[in-house]
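Below you'll find the structure I mean.
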Amino acid sequence: MARDPLGFFGRRGDQDDAHRGERFRFFLRHGCCYKPPMKSDTPNHQVLQALVPALAKATGLSTDAVAAQLGRPPKPEMGDYAFPCFAYAKANKVPPPAAASQLAEKLAADATLAPLVQKVEAAGPFLNVRVKPGELCASIIRMIEEAEGRFGESAAGAGKTVVIDFSGPNIAKPFHVGHLMSTILGASLGRVFRALGYAVVGVNHLGDWGVQCGFQFLAWQRAGPVERETQLAERGLDYLCDLYVDINAPAREVSVLEAELADKEAVVNPEERERIKKRIAAAKPEADARDVAARELFKRLEDGDPELKQLWERFRKETLRYLQKSYDRLGVKFESDAGEGFYEPQLKPLLAELQASGVAVASEGALVIPMDDGPPKPGKERKPPFILRKSDEATIYGTRDLAAALYRKKTYGFHKNLYVVDVRQSTHFQMLFKALAKMGHAWHKDCSHVAFGIMQIKEGDTVLPMTTRGGRMIPLYELLDRMVQIVRDIVREKNRDLSADKAAQVAEAVGVGAIIYWVQARRRASNFVFDWRQATDPNGDTGPYLQYTHARACSILRKSQAQPGSWRTADLRLLVEPEEAAVVKALEGFPAAVRRAGDEYEPSLIATYLLDLSSAFGNFLNKHRVLDSPPALRQARLALVDAVREVLAKGLGLLGVAAPGEM
RNA sequence: GUUCCCGUAGCUCAAUUGGAUAGAGCAGCGGAUUUCUAAUCCGCAGGUUGAGGGUUCGAUUCCCCCCGGGAACGCCA
């Protein structure tokens, strides 16, 4: 399989756990993603190297405290750096404005700052520092050049592993637009954590176990032997879904009719009620028969029937192969595709252990872990327990999640274990983590549910949920195709010089990039509505805008005819324009944006950051010429353009958005 | 009913985690093009940050109480 070049994740079941763990440690040491560790962790350049110690000396605070406080004034006219003096004022028992004045005098007298700093002035309780314009640009661009393409990365996570559980499609249900959030967010978090120096294990926790498998076997057995083979090969998951839908048709009819019957308002007429009852009676025997047959088949799978096991394995593989097409377009990779079925053999020993230790108890015929602490309070409803085994002896997804968490800790020794799943499951994960706590695992606090809001879709004037029973689901590939289709015309219209081949590539990059950007452009907690018109709008807060800015930068560098890197010898102190300073100040913020995106599991912070950078750069390009500048200035501006290009490409890369060189 | 999330310009969202006069995009109006790619840039207009109270030098941010919207709440995933 393409995404498994080292054969690290072999076939399930042919290796034991210890073996897998061993392979994993090998992967950590020699894997394809290995890079040497970063030298420096915090962003640093000549100006800050002078300014921070000077402030620390003047205030008596630590350099870390100063660096953390140092910010930006609200308007660029006020200065390049701002330092709030409240802490210093409190320590010295003077009013903050007086403190600011005192500090301004001290810094003005500091000889180490003289070559770099133009002006230090008190503004109320703030201290505003104006750096000599050329020095600011030189200092920051130099820092980016010296990072050798690694600007924004850090070594914060060196030696630590993050496990990210994301995407997790169900092999019986369509892979639709609702899965987009988890897939894109999870993949971005993986890239962000890698940039921060962590080893990352992306897990596609497939929903590949349960009675649904029985229904699929049943449908498969009923389908034509030749037709089913060609259909499965061609349509993969789509075919399995159709099978699932068809085999469930009678059951679905019964439940729809029963719901109708229960809704008294809808059916007052007794004749109508009778008609419905008859239809239920007609459909029910077939529905029940299929249900019994499916459960029987699933039971046989659970008991280890080799023929069914083989078929199950085939469905899994075919589904994954099929999904990989969409994953490839989205730039998504997984290190593991251990789904629910993978944990099945671990469940019985786990349950036995939990019972023996008394963590799990019997309740209403089921085996559960209680979620209430202490004695029940009168008048207070008791919390529902975490169910491990139903009264019919079958396990449920929570049991497998518990086994999965234990397995991941044992195999990967994770520093963090993340679940990128929508907000509706937040109680489930709270219970899961609490169950781990009750088992005595202190690492339960390293587990987090990275919840995101529910996406709805706007078709015409109506807003529909994505996961309704009634409406048709839009398969993911269809969404991507539609986006690319819309973009194709725009590409043609905007740039007629592109060859047909290039235009097609650009359309793919921009169409897919637009949707990837769109879902990451807001904080993940908020619910939002997918709007075709807005998502494909080439103007404004969009992926295409960022990609376009990047393409412009590339174009300028191309047309300069300069050898890449030849601008490294440029005199960067010639960059004294306010628009240049604004760009450089935006560039300076990149490492912090990446770090925060990791800390908060929030890729949108990178999206917002890139927008700021693009807008500063656009402003610069509009006001100043690069290629028409005098030779020395031209070289310095090329260095600036190249730094912007690098950060845009890198930031877009973290988000999973392609950055074509022209469009 | 209990628990969790959300509420900021007409719309979609920001706000350096408690900092200075709350900022962008879309939509509206007005400008800038012999384009280093106008898929751009600039200007105007748009606000009692759902309401009220509290904490302090300072609150969109933290605490309390309401109002409104969403979600989850015992054997589905």
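Note: hydrogens, waters and symmetry copies are ignored here, and every other heavy atom, side chains too, is used. All chains are named by letter (A, B, ...) in the order of the sequence lines, taking the proteins before the strands, and each is independently numbered beginning at 1.
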Practice prompt. Could you measure between the two P atoms, the one in B/G25 and the one in B/A45, and give it in whole Å?
Written response: 15 Å

Worksheet entry | B/U61 to B/C65 separation - P atoms, rounded to the nearest Å | 16 Å

Discussion item. Heavy atoms only, 4.0 Å cut-off, all strands: where does A/Val368 land among base, sugar-phosphate and nothing?
Written reply: base

Worksheet item: Between A/Arg389 and A/Thr395, does any side-chain donor sit less than 3.5 Å from a side-chain acceptor?
Response: no

Item to complete: Provide the distance between the two C1' atoms, one in B/C64 and one in B/A51, to the nearest whole Å.
Response: 14 Å

Discussion item. I'd like the P distance from B/U34 over to B/A27, given in whole Å.
Written reply: 25 Å

Discussion item. What I want to check is whether the side chains of A/Asp401 and A/His428 have a donor and an acceptor closer together than 3.5 Å.
Written reply: yes

Practice prompt. Under a 3.5 Å limit for both distances, which nucleotide forms a Watson-Crick or G-U wobble pair with B/C44, could you say?
Written response: B/G28

Worksheet entry | base_contact_polar (B/G25 base, A/Thr542 side chain, donor-acceptor, <3.5 Å) | no

Discussion item. Considering every strand and a 4.0 Å limit on heavy-atom distances, what is the contact class for A/Thr427: base, sugar-phosphate, or nothing?
Written reply: sugar-phosphate

Practice prompt. Among the candidates B/U35, B/A39, B/C41, find the nucleotide nearest to the side-chain atoms of A/Asn619.
Written response: B/C41

Worksheet item: Can you tell me how far CZ of A/Phe126 sits from CZ of A/Phe83, rounded to the nearest 0.5 angstrom?
Response: 11.0 Å

Worksheet item: If we take the P atom in both B/G23 and B/U35, what is their distance in whole Å?
Response: 36 Å

Practice prompt. Could you say whether A/Glu662 or A/Asn539 is positioned toward the 5' end of RNA chain B, judged by the nucleotide with the nearest heavy atom to each?
Written response: A/Glu662

Worksheet item: Would you say the base of B/A20 and the side-chain of A/Asn128 have a donor-acceptor pair closer than 3.5 Å?
Response: yes

Discussion item. Please report the distance separating the P of B/G30 from the corresponding atom of B/C67, rounded so that it comes out in whole Å.
Written reply: 46 Å

Discussion item. Under 3.5 Å, is there a donor on one side chain and an acceptor on the other for A/Glu579 and A/His624?
Written reply: yes

